[in-house]
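Below, chains carry the letters A, B, ... as their sequence lines are ordered, and counting in each starts from 1. These numbers come from a predicted model, not from an experiment. The figures that follow rest on heavy atoms only: side chains count, while hydrogens, waters and symmetry mates do not.
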Amino acid sequence: MIVAERKPFEEIKAMIESCKKVLIVGCGECVSVCMAGGEKEVQILASQLRLAFEEEGKKLEAGETTLERQCDKEYLEEIKDKVNDYDAVISMACGAGVQFLAEMYDSKLVYPALNTQFIGVAEREGEWSERCRACGDCVLADTGGICPVAICPKGLLNGPCGGTNDGKCELSKEKDCAWTLIYNRLDKLGKLDNIRKIFPAKKYSVQTTPGRRIHEAFKEKE
Amino acid sequence: MAKAFKEALESGKFVITAEVGPPKGVDIEEMKHHIELLKDKVDGLNVTDNQSSVMRISTLPVCQLIREAGGEPILQMTCRDKNRLALQSELLGAYILGITNVLSLTGDYVTVGDHVDAKPVFDLDSVLLLETIKGLEEGKDFAGNELTGEGRPTFCKGAIVTPEANPIEPQLLKFEKKIKAGAEFIQTQAIYDLDNFKKFMEYARQFEVKIMAGIVLLVSAGMAKYMNANVPGIFVPKDLIDEMASAEKGKALAKGIEIAGRMIKTLKDENICDGVHVMAIGKEGKVPDILAAAGLA
Amino acid sequence: MEGECHFLEGNKRAKMWVDYTKGLLEESGIAPDRLKMFNLSSSMAPRFKEVVEEMTEVAKKLGPTKIEKKAA
């Protein structure tokens with residue numbers, strides 16, 4: 001899933017300081033699961049903003065709604081009639097959702113409430129970790145299902161740097177050394193030969209920016 | 001004029017290199033002094049590349065200063081700040097200036113330095129950088145395009161290894177890749193435990209590569225303890241820490257010089273490795289004393 | 001009492017969320033002291049009285065917020 005965290009409250013409040021009516025739009029996908037921008041977080045943010053405005057002697061009407069997801073037009077259209085009643089929209093989706101919402105309602109001020117962080121997994125309740133950098137050139141087949149691009153801060157393809165620290169990363173004892181993990185996994189699988197070869201440099205050309213993909217079936221036939 | 005580093009390596013003599021750290025700023029008097037002091041006493045002078053991710057004068061002009069002074073520079077090149085285009089153009093630029101010794105390094109991560117918000121590059125890694133150099137020597141750039149005109153650059157290619165890394169197996173796997181990718185010499189991370197290092201050398205001797213042991217000058221028992229606790233891949237055994245601690249007040253540095261000299265002498269006399277790389281971080285002026293203590297001056 | 005919940009971990013989790021919510025209140029400009037969690041059982045009437053009195057004191061000391069009363 002895409003993991004995000006809410007921006008500091010002060011930053012969000014400053015964005016809408018001059019607004020009287022804002023619509024806070026949550027997203028029911030990844031950011032709901034990672035407890036950053038789902039229905040509950042929409043309620044919390046709306047309540048906080050109302051309280052903070054009132055404490056300053058101002059009024060804020062904060063509308064709340066949470067869509068199935070914000071990365072599909074059909075769901076974004078559901079707020080078509082509501083949006084016009086508000087001065088601005090706060091999207092609690094990932095950066096993709098914010099942009100798609102802003103694109104559809106391009107005459108409305110749209111503000112992001114989250115900082116989008118990474119593609120990751122739920123380690124346990126309330127804790128997520130990064131697993132994929134979306135590099136477009138997957139090497140997991142050779143590395144025992146452990147990604148050196150995402151797990152190693154330097155994204156090293158040919159083994160660890162000199163900073164391996166008892167199997168942890170020199171940057172933090174909280175981080176595992178990707179190459180220690182990879183080595184141990186492949187050792188267990190009897191596949192160490194996988195990483196004896198020199199891996200070629202990443203092909204950054206496959207990361208077309210901005211990325212775009214058309215499903216084979218949908219490509220126009222010549 | 002110092003002899004070419006490559007010649008020294010191939011001559012089979014016990015090779016000695018030291019290090020010059022470019023300053024952060026344009027006052028280069030102290031650095032020039034160190035270059036003068038060291039250039040004729042060593043076979044090569046490494047020039048560090050934004051060491052510890054701290055912004056300083058770039059390596060290439062400092063290498064040029066060393067050449068002008070009659071020394072033999074070793075250009076350290078990290079993959080942290082330059083992508084494959086910048087690395088290659090710097091290599092070609094170095095070659096036309098006569099700077100042909102290159103040490104390939106991954107580079108420390110950006111956040112350990114003084115520009116923590118900089119974008120880390122790491123387009124290539126130390127193994128791929130060695131392959132890149134090999135490619136240029138064969139007349140082709142990284143993308144496979146032919147270099148134009150007459151002549152091909154040649155380099156003396158180096159890399160590093162951390163013999164005390166834990167775990168060691170993945171480190172050795174990378175070490176072997178570096179040799180496969182063309183490393184002719186290896187300078188190690190600081191070593192202090194000679195028994196451990198001998199074991200490493202028993203393994204490393206199977207490869208055709210010159211190994212230079214990293215010698216970092218101890219200046220106090222506290223420094224040794226600090227490195228043990230905070231620098232991955234460095235292990236100072238207890239007897240050396242005790243020896244440093246036993247030094248009289250004000251004599252710790254002299255003790256450190258004595259220890260470094262003794263280690264170098266043992267490495268040479270017992271023919272354990274092919275040379276040493278002496279790092280006297282912040283105390284570059286003491287390198288001649290260390291060499292004298294080793295009986296090499 | 002803390003850790004002794006009919007719902008096993010329930011009151012530990014409640015404590016975690018109460019702590020978190022105090023932070024939310026502070027961000028919103030509301031004194032976090034207005035919220036506090038106490039552990040007590042249904043048979044502890046005197047303790048309950050104490051708790052109510054304690055929180056009443058807190059509320060008196062802090063005075064009213066600027067937030068308008070709304071009909072429930």
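Interface remark: A/I182 contributes no atoms to any contact with chain B (heavy atom separation under 4.5 Å). Using a 4.5 Å cut-off between heavy atoms, B/R84 contacts chain A through its side chain alone, with no backbone atom that close. Proximity to chain A (any heavy atom under 4.5 Å) is shown, for B/P170, by both the backbone and the side chain. Contacts between A/L157 and chain B at a heavy-atom distance below 4.5 Å involve backbone atoms as well as side-chain atoms. Heavy atoms closer than 4.5 Å to chain A are found in both the backbone and the side chain of B/D108. Neither the backbone nor the side chain of B/Q189 comes within contact range of chain A; no heavy atoms are under 4.5 Å apart. Using a 4.5 Å cut-off between heavy atoms, B/E164 does not touch chain A at all. Contacts between A/K197 and chain B at a heavy-atom distance below 4.5 Å involve the backbone alone (N, CA, C, O).
Judged by the 6.0 Å distance and 45° axis criteria, B/K210 is not positioned over the aromatic ring of B/F185.
Using a 30° and 60° split on the angle between ring planes, B/F175 and B/Y203 fall in the tilted class, from 30° to 60°.
When each of B/R80, B/E176, B/K174, B/K178 is checked for heavy-atom pairs under 4.5 Å with chain A, B/K174 comes out on top. Note: A/P160 leads A/P153, A/G162, A/P160, A/G159 in heavy-atom pairs under 4.5 Å with chain B. Per-residue heavy-atom pair counts under 4.5 Å with chain A were compared for B/L128, B/I160, B/V231, B/L124, and the maximum is reached by B/L128. Looking only at heavy-atom pairs under 4.5 Å with chain A, the residue among B/V127, B/T132, B/N230 that has the most is B/V127.
Contact check on B/K180 versus B/E131 returns no salt bridge, with no Lys/Arg side-chain nitrogen under 4.0 Å from an Asp/Glu carboxylate oxygen. A salt bridge is absent between A/E174 and A/K168; no separation between the charged side-chain nitrogens and carboxylate oxygens falls under 4.0 Å.
Under the 6.0 Å cut-off for aromatic ring centres, B/F197 and B/Y192 do not qualify, their centroids lying 6.0 Å or more apart.
Of the inter-residue distances, the one linking B/L267 atom CG with B/I215 atom CD1 reads 5.5 Å to the nearest 0.5 angstrom.
Using modelled atom types, no side-chain atom of A/D176 and backbone atom of A/A178 make a donor-acceptor pair closer than 3.5 Å.
Between A/A62 and A/I24, the shortest heavy-atom distance links the atoms CB-CD1, 4.3 Å.
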